[in-house]
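What's counted below: heavy atoms across the whole structure, side chains too, no hydrogens, waters or symmetry copies. This is a predicted model, so every value here is computed, not measured.
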Amino acid sequence: MRLLPILLLSAFPVIAFAAGSDSTEPPKPTETTTECKKGEVWDEKTKACIKADGASLNDDTRFGAVRELAYAGRPEEALAVLATMHEGKTDRVLTYLGFANRKAGRVELGLEYYAAALAQNPDNIQARSYLGQAYVEMGEVDLARAELTQIRNRGGVGTWAETSLAEAVISGKTVSY
């Protein structure tokens, strides 16, 4: 039985990516979490903290801030940044709403957002990974494994979504980014 985790982990390439980024590493602190006030995001263009709804910020920059804030243990601030998104309630936004609410302790609400994201886009493997991780946290490992199977069946082999959920299923530890 000890061989199974080793085989599973060796089957996943190390090129897996963290959700919303191009790195498997936790986000590095930026001025968003080290200098900016609550409700502000670091703007690389102006080299200043600006309100999260600032016109110079794009939604990808906001998503980076959401990821960083969530990792820093500030999910309520991540939710405030999500509220400024311009793209509407896309499956990507719904996924992050689920993640931040889950990390803020509102697991049921998080599950509702994941369900809404998957209703819009059943192939959203990031939402499936976060949903599976919620199941791991809830002790529902069989449901987490079912999401892992869905990720693999939907073309997610070798992605961060697959790798992070597989590791969570094996270790019982989930990610905060």
Side-chain angles (χ1 to χ4, degrees), residues 1-29 33 63-82 85 89-177:
M1 189 65 176
R2 291 177 189 232
L3 185 58
L4 180 60
I6 294 168
L7 289 173
L8 284 172
L9 289 175
S10 66
F12 304 138
V14 180
I15 60 167
F17 298 111
S21 80
D22 60 359
S23 171
T24 59
E25 298 297 315
K28 294 189 187 323
T33 53
F63 275 121
V66 167
R67 181 174 178 260
E68 182 180 344
L69 289 164
Y71 183 74
R74 296 159 56 180
E76 297 298 343
E77 290 178 61
L79 287 165
V81 174
L82 280 168
M85 298 296 290
K89 296 284 179 151
T90 62
D91 65 300
R92 178 168 91 150
V93 170
L94 292 166
T95 298
Y96 276 82
L97 285 168
F99 180 79
N101 274 289
R102 178 170 61 95
K103 289 301 179 179
R106 294 181 290 275
V107 177
E108 291 301 320
L109 183 56
L111 295 176
E112 290 175 24
Y113 279 119
Y114 295 144
L118 292 170
Q120 276 189 27
N121 178 6
D123 293 328
N124 182 333
I125 61 173
Q126 182 178 350
R128 290 191 179 282
S129 183
Y130 285 152
L131 176 58
Q133 290 180 50
Y135 288 147
V136 168
E137 291 171 354
M138 296 166 61
E140 299 286 349
V141 180
D142 288 341
L143 293 174
R145 283 190 189 103
E147 290 304 323
L148 185 57
T149 298
Q150 286 292 322
I151 290 168
R152 290 173 176 158
N153 290 343
R154 294 171 185 277
V157 173
T159 63
W160 176 89
E162 181 201 28
T163 303
S164 63
L165 181 52
E167 289 175 6
V169 166
I170 292 166
S171 70
K173 296 178 184 173
T174 61
V175 297
S176 295
Y177 56 94

With rounding to the nearest 0.5 angstrom, report the [atom1] to [atom2] distance, [X] to [Y].
X      : Y      : atom1 : atom2 : answer
Leu148 : Leu143 : CG    : CG    : 12.5 Å
Leu165 : Ile170 : CG    : CD1   : 10.0 Å
Thr149 : Arg154 : OG1   : CZ    : 11.5 Å
Leu118 : Thr95  : CG    : OG1   : 6.5 Å
Gln126 : Thr159 : CD    : OG1   : 10.0 Å
Lys89  : Leu82  : NZ    : CG    : 9.0 Å

statement: Residues at least two apart in sequence or cross-chain that pass side-chain hydrogen bond (donor to acceptor under 3.5 Å, both in side chains) with Glu147, listed by chain then number, are Arg128
- request: Look at the aromatic rings of Phe63 and Tyr96 and report parallel, tilted or perpendicular, splitting at 30° and 60°.
  value: tilted
Check: Gln150 and Leu131 side chains under 4.5 Å, non-hydrogen atoms: no
Of all the heavy-atom pairs spanning [X] and [Y], show the shortest one and how long it is.
X      : Y      : result
Thr174 : Ala168 : CG2-CB, 4.1 Å
Gly132 : Ala144 : O-CB, 3.3 Å
Thr33  : Ala72  : CG2-CB, 4.1 Å
Ile151 : Ala161 : CD1-O, 3.9 Å
Gly156 : Ile125 : CA-CD1, 3.8 Å

Please list every donor-acceptor pair under 3.5 Å in which a side-chain atom of residues 100-109 meets a protein atom from a residue at least two apart or in another chain.
from, atom 1, to, atom 2, distance (Å)
Asn101, OD1, Arg106, NE, 2.8
Asn101, OD1, Arg106, NH2, 3.2
Asn101, ND2, Leu97, O, 2.8
Arg102, NE, Tyr114, OH, 3.0
Arg102, NH1, Glu137, OE1, 2.9
Arg102, NH1, Glu137, OE2, 2.9
Lys103, NZ, Glu137, OE2, 3.4
Lys103, NZ, Val175, O, 3.2
Arg106, NH1, Glu76, OE2, 2.9
Arg106, NH2, Glu76, OE1, 3.3
Arg106, NH2, Glu76, OE2, 3.0

message: Do the side chains of Glu167 and Lys173 get close enough for a salt bridge, i.e. N-O under 4.0 angstrom?
response: no
query: Just by modelled atom types, is the Gly64 backbone N or O under 3.5 Å from a matching donor or acceptor in the Glu68 side chain?
result: no
